[in-house]
Peer 1: 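Take a look at this one; I'll ask things after.
Residue numbering restarts at 1 for every chain, and letters A, B, ... go by the order of the sequence lines. Keep in mind the model is a prediction, meaning the values are calculated, not measured.
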Amino acid sequence: MLPTPDAPAAAATVGAKAALTSRSEDFPRWYQEVVARAELAENGPVRGTMVIRPWGYAIWERLQSALDLRIKAAGVENAYFPLFIPESYLRLEAEHVEGFSPELAVVTHGGGRRLEEPVVVRPTSETVVNSYFARWVQSHRDLPLLINQWANVVRWELRPRLFLRTSEFLWQEGHTAHATETDAYAFALRILNDVYVETMTEVARIPVLTGEKTERERFAGATRTWTCEGMMGDGKALQMGTSHELGQNFARAFGIQFTSEEGRLEYAWQTSWGVSTRLIGALIMAHGDDAGLRLPPALAPIEVVVLLVRDSSDVRSAADTLASRLRDGGHRVRLDDRTDTSFGRRSVDWELKGVPVRVEIGPRDLADGKVTVVTRHTRSKATVGIERAAGMVSEVLAGVGEELYREALAARRARTVEVSTVPEAAEAAAGGFALLRWSELGEQGEDALAAHAMSVRCLHPAGDLEAAVRSDREDRSDRASLVAVVARSY
RNA sequence: CGGGAAGUAGCGCAGCUUGGUUAGCGCGCCUGCUUUGGGAGCAGGAGGUCGCGGGUUCAAAUCCCGCCUUCCCGACCA
């Protein structure tokens with residue numbers, strides 16, 4: 001609760017029966033229950049597929065706009081490429097096909113006949129996009145070519161989990177071509193920092209660690225993969241987004257060549273990058289509590305619910321007036337006048353869905369000219385004069401995002417330990433992040449950790465762990481000073 | 001794909017070991033009345049190809065075989 005000039009007449013914390021399995025008791029079960037009870041998504045009829053329900057989709061739409069705005073601010077244009085890709089395209093980049101072939105969905109029949117060449121349902125679009133880039137890029141004047149698409153992709157996952165790993169998911173994938181390696185490198189990091197880190201921290205309010213993936217964890221076909229790693233409520237890491245430098249791998253495979261200012265024929269340098277509906281999973285697991293989802297206002301489909309405790313003409317007109325004032329103040333408001341459903345049930349439901357603020361209006365308080373303002377993320381209640389209510393809601397909403405971020409950051413810090421040996425890392429990463437110098441860990445150590453179901457989430461320059469990986473850093477080969485973030489992951 | 005568990009009404013489960021009338025229970029749903037300040041109460045009601053396919057049998061939710069799906073733990077990933 002924010003401190004306010006005229007302090008609330010009464011403050012209390014909500015006490016109710018547990019709506020869900022607690023996080024500490026069984027985190028995976030808690031996660032599934034939140035997804036179901038908050039009406040975010042359900043399994044589709046085909047294994048690994050997902051039906052995203054309106055509440056979940058509305059969150060996705062808000063994430064999409066936040067990302068799309070920033071992607072466009074980086075100079076990228078949206079386009080659309082086909083769902084079906086000739087199987088032969090995948091084979092043109094050796095590492096790429098090796099990485100993706102185990103999880104491809106392949107169409108062998110169409111129009112009732114066997115296809116001459118099977119088509120693949122895109123697992124990612126590097127191959128089609130780049131086959132067109134080859135046609136569009138002729139001159140250095142055509143570069144950089146910066147394209148993004150919003151699409152669905154299919155990867156036949158072995159162990160699906162709603163939002164975190166589904167066989168079909170929604171995402172954006174960016175594909176760019178540049179004249180020089182330096183440009184491509186800078187752009188991959190620009191997307192990482194200005195689009196991904198910013199959206200994750202400022203909009204989703206989840207702290208992320210950025211850094212480079214090890215060779216073992218790198219994207220199939222990339223020369224370098226940069227990642228954003230978040231810590232979930234159980235101490236495990238989630239890869240929330242990646243930005244890849246592709247070098248000239250795809251340019252050579254697809255013939256993306258241009259004539260340079262000096263008149264030489266050169267291959268383009270490329271990047272690709274993506275984030276997906278997995279971000280909704282991150283939101284649930286980073287911010288959720290034992291009462292359900294907790295949404296930062298920027299992503300909440302509804303920021304404030306005005307709830308009629310019971311119906312009467314006084315209550316209704318007070319609620320209508322308050323809802324209008326809040327709407328006029330620019331907030332997304334829902335009037336809950338379903339008084340044929342009990343107060344308790346409606347309260348619990350809105351808490352499950354994570355609506356940041358709720359205003360309860362009932363005859364008792366109203367007789368004193370008051371209403372109750374409930375803050376979801378702290379589950380605290382305050383009674384305020386009705387004329388103050390709209391102002392207080394705005395004040396509370398203004399603070400929720402920052403408080404969620406700080407809470408998540410504190411939780412991550414509490415579970416992050418610096419260690420100096422591989423066995424220590426394995427022990428510490430059982431419950432959070434372990435930081436170990438890469439020179440101490442190395443690829444042998446990475447193999448050893450794999451036996452404990454642990455991995456290097458990213459390599460970050462020594463020093464301030466939370467500092468952005470800077471795109472103007474010249475020294476790219478000082479690997480000895482890198483710190484490995486070791487964790488279990490989703 | 002390997003190891004483990006499970007599929008019976010929208011959800012959660014019992015029944016299965018030892019085959020045998022009409023397959024039960026809780027929640028939810030519908031109707032009515034009373035309620036509503038933290039998951040309301042009473043009364044009445046609707047809802048089932050027992051995951052799918054095959055087999056054994058006079059008879060299968062129950063026994064046998066195959067498949068599918070879900071969950072947990074691994075390997076793979078946004």
Peer 1: Between Glu360(A) (CD) and G37(B) (C1'), how many Å, whole number?
Peer 2: 7 Å

Peer 1: Using a cut-off of 4.0 Å on non-hydrogen atoms, how would the nucleic acid contact of Gln239(A) be classed: base, sugar-phosphate, or nothing?
Peer 2: sugar-phosphate

Peer 1: Say we look at A14(B) and C50(B): how far apart would their C1' atoms be, to the nearest angstrom?
Peer 2: 13 Å

Peer 1: When the C1' atoms of G20(B) and G28(B) are compared, how many Å lie between them, rounded to an integer?
Peer 2: 33 Å

Peer 1: Which listed nucleotide (G74(B), C77(B), G39(B)) is nearest to the side chain of Asp349(A)?
Peer 2: G39(B)

Peer 1: Please evaluate residues Leu20(A) and Asp290(A) with respect to the criterion side-chain contact (heavy atoms from CB on, under 4.5 Å), reporting the C-alpha separation (whole Å), side-chain torsions for both, the decisive distance (0.1 Å), and the verdict.
Peer 2: CA-CA 6 Å; Leu20(A) 300 165; Asp290(A) 286 352; over 6 Å; no

Peer 1: Using the P atom in both, what is the distance from U22(B) to A60(B), to the nearest Å?
Peer 2: 12 Å

Peer 1: Looking at Lys381(A) and G38(B), is any side-chain donor or acceptor paired with a base atom of the opposite kind under 3.5 Å?
Peer 2: yes

Peer 1: Need to verify one output field. Residue with the more 5' nearest nucleotide on RNA chain B, Asp311(A) or Arg345(A)?
Peer 2: Asp311(A)

Peer 1: So Gly281(A), base contact, sugar-phosphate only, or nothing? Heavy-atom distance under 4.0 Å.
Peer 2: nothing

Peer 1: Does Gln32(A) put a side-chain nitrogen or oxygen below 4.0 Å from OP1 or OP2 of U70(B)?
Peer 2: no

Peer 1: Tell me the interatomic distance from Asp340(A), atom CG, to C29(B), atom P, rounded to whole angstroms.
Peer 2: 10 Å

Peer 1: With a 4.0 Å cut-off on heavy atoms, is Arg364(A) in touch with a base, just the backbone sugar-phosphate, or nothing at all?
Peer 2: base

Peer 1: Consider side-chain hydrogen bond (donor to acceptor under 3.5 Å, both in side chains). Of Arg205(A), Arg294(A), His377(A), which one does Glu403(A) pass it with?
Peer 2: His377(A)

Peer 1: In whole angstrom, give me the gap between the P atoms of A61(B) and G51(B).
Peer 2: 10 Å

Peer 1: Side-chain donor or acceptor of Glu42(A) under 3.5 Å from a matching atom on the base of G10(B)?
Peer 2: no

Peer 1: Categorize Ser272(A) for me: base, sugar-phosphate, or nothing, with a 4.0 angstrom heavy-atom threshold over every strand shown.
Peer 2: nothing

Peer 1: Using a cut-off of 4.0 Å on non-hydrogen atoms, how would the nucleic acid contact of Arg218(A) be classed: base, sugar-phosphate, or nothing?
Peer 2: nothing

Peer 1: Using whole Å, what does the distance between atom P of nucleotide C72(B) and atom OH of Tyr490(A) come to?
Peer 2: 9 Å

Peer 1: Tell me whether the OP1 or OP2 atom of A40(B) has a side-chain N or O from Ser342(A) closer than 4.0 Å.
Peer 2: yes

Peer 1: Rounding to the closest angstrom, what is the interatomic distance between C71(B) and G12(B) at atom C1'?
Peer 2: 14 Å

Peer 1: Please pick, from G38(B), C72(B), A78(B), the nucleotide with the shortest atom-to-atom distance to any side-chain atom of Ser347(A).
Peer 2: G38(B)

Peer 1: Check this for me: does the side-chain of Arg159(A) come within 3.5 Å of the base of C77(B) through a donor and an acceptor?
Peer 2: no

Peer 1: Tell me whether the count of non-hydrogen atoms from other residues, nucleotides or ligands lying under 6.0 Å of CH2 in Trp156(A) goes above 12.
Peer 2: no

Peer 1: Counting any heavy atom closer than 4.0 Å, what does Gly274(A) reach on the DNA or RNA strands: base, sugar-phosphate only, or nothing?
Peer 2: nothing

Peer 1: Whole angstrom is fine here: how far is it from CH2 in Trp156(A) over to P in C68(B)?
Peer 2: 12 Å

Peer 1: Please determine whether a side-chain nitrogen of the Lys or Arg among Arg325(A) and Glu387(A) lies less than 4.0 Å from a carboxylate oxygen of the Asp or Glu.
Peer 2: no

Peer 1: Just to be sure I understand the rule, does Ala36(A) reach a base, reach only the sugar-phosphate, or reach nothing, if contact means heavy atoms closer than 4.0 Å?
Peer 2: nothing

Peer 1: Under the 5.5 Å and 30° test, is Phe169(A) stacked on the base of A78(B)?
Peer 2: yes

Peer 1: Looking across every strand, which nucleic acid part, if any, lies under 4.0 Å from Pro363(A) by heavy atom: base, sugar-phosphate, or nothing?
Peer 2: base

Peer 1: Find the distance Glu157(A):CD to G2(B):P and express it as a whole number of Å.
Peer 2: 17 Å

Peer 1: Take atom CZ of Arg70(A) as the centre, draw a 6.0 Å sphere, and report whether it contains more than 12 heavy atoms from other residues, nucleotides or ligands.
Peer 2: yes

Peer 1: Give the dot-bracket string for RNA chain B, reading 5' to 3', where a pair is Watson-Crick or G-U wobble with both distances under 3.5 Å, ( ) marks pairs inside the strand, [ ] marks pairs crossing earlier ones, | marks a partner on another strand, and . marks unpaired.
Peer 2: ((((((((.[[[[.)....(...]]]].((((((.....)))))).....[[[[[..)....]]]]])))))))....

Peer 1: Return the nearest nucleotide to the side chain of Ala453(A); candidates are G74(B), G37(B), C77(B).
Peer 2: G74(B)

Peer 1: How long is the straight-line distance from CZ of Arg37(A) back to CG of Leu293(A), given to the nearest 0.5 Å?
Peer 2: 13.0 Å

Peer 1: Counting the atoms with a prime plus P, OP1 and OP2 as sugar-phosphate, which does Thr277(A) contact under 4.0 Å by heavy atoms, base, sugar-phosphate, or nothing?
Peer 2: nothing

Peer 1: Mind checking the C1' distance from C16(B) to G24(B)? Whole angstroms is fine.
Peer 2: 14 Å

Peer 1: Establish, for the pair Arg224(A) and Trp273(A), whether the NZ or CZ atom is under 6.0 angstrom from the six-membered ring centre and no further than 45 degrees off its axis.
Peer 2: no

Peer 1: In terms of relative ring orientation, are His96(A) and Phe250(A) parallel, tilted or perpendicular, with 30° and 60° separating the classes?
Peer 2: perpendicular

Peer 1: On RNA chain B, compare the nucleotides closest to Asp26(A) and His244(A); which residue's is nearer the 5' end?
Peer 2: Asp26(A)

Peer 1: If we take the C1' atom in both C73(B) and A9(B), what is their distance in whole Å?
Peer 2: 32 Å

Peer 1: Report yes or no: is there a donor-acceptor pair, N or O only, under 3.5 Å between the side chain of Arg37(A) and the base of G39(B)?
Peer 2: yes

Peer 1: For Trp30(A) and C72(B), what is the distance between atoms CH2 and C1' respectively, to the nearest whole Å?
Peer 2: 18 Å

Peer 1: Within the structure shown, what part of the strands sits under 4.0 Å from Glu173(A) by heavy-atom distance: base, sugar-phosphate, or nothing?
Peer 2: nothing

Peer 1: Could you check how far CE of Met454(A) sits from P of A75(B), rounded to whole Å?
Peer 2: 11 Å

Peer 1: Would you say the side-chain atoms of Arg358(A) pair up with the backbone N or O of Val373(A), donor to acceptor, closer than 3.5 Å?
Peer 2: no

Peer 1: Could you check whether Thr227(A) and Thr242(A), counting side-chain N and O atoms only, form a donor-acceptor pair closer than 3.5 Å?
Peer 2: no

Peer 1: Could you give the distance separating C1(B) and A46(B) at their C1' atoms, to the nearest angstrom?
Peer 2: 45 Å

Peer 1: Assign Thr124(A) to base, sugar-phosphate, or nothing according to its heavy-atom contacts below 4.0 angstrom with the strands shown.
Peer 2: nothing

Peer 1: Is the closest basic N to carboxylate O distance between Glu466(A) and Arg412(A) below 4.0 Å?
Peer 2: yes

Peer 1: How would you label the contact of Thr242(A) with the nucleic acid (heavy atoms, under 4.0 Å): base, sugar-phosphate, or nothing?
Peer 2: sugar-phosphate

Peer 1: How many Å lie between CG on Leu192(A) and P on A78(B), as a whole number?
Peer 2: 14 Å

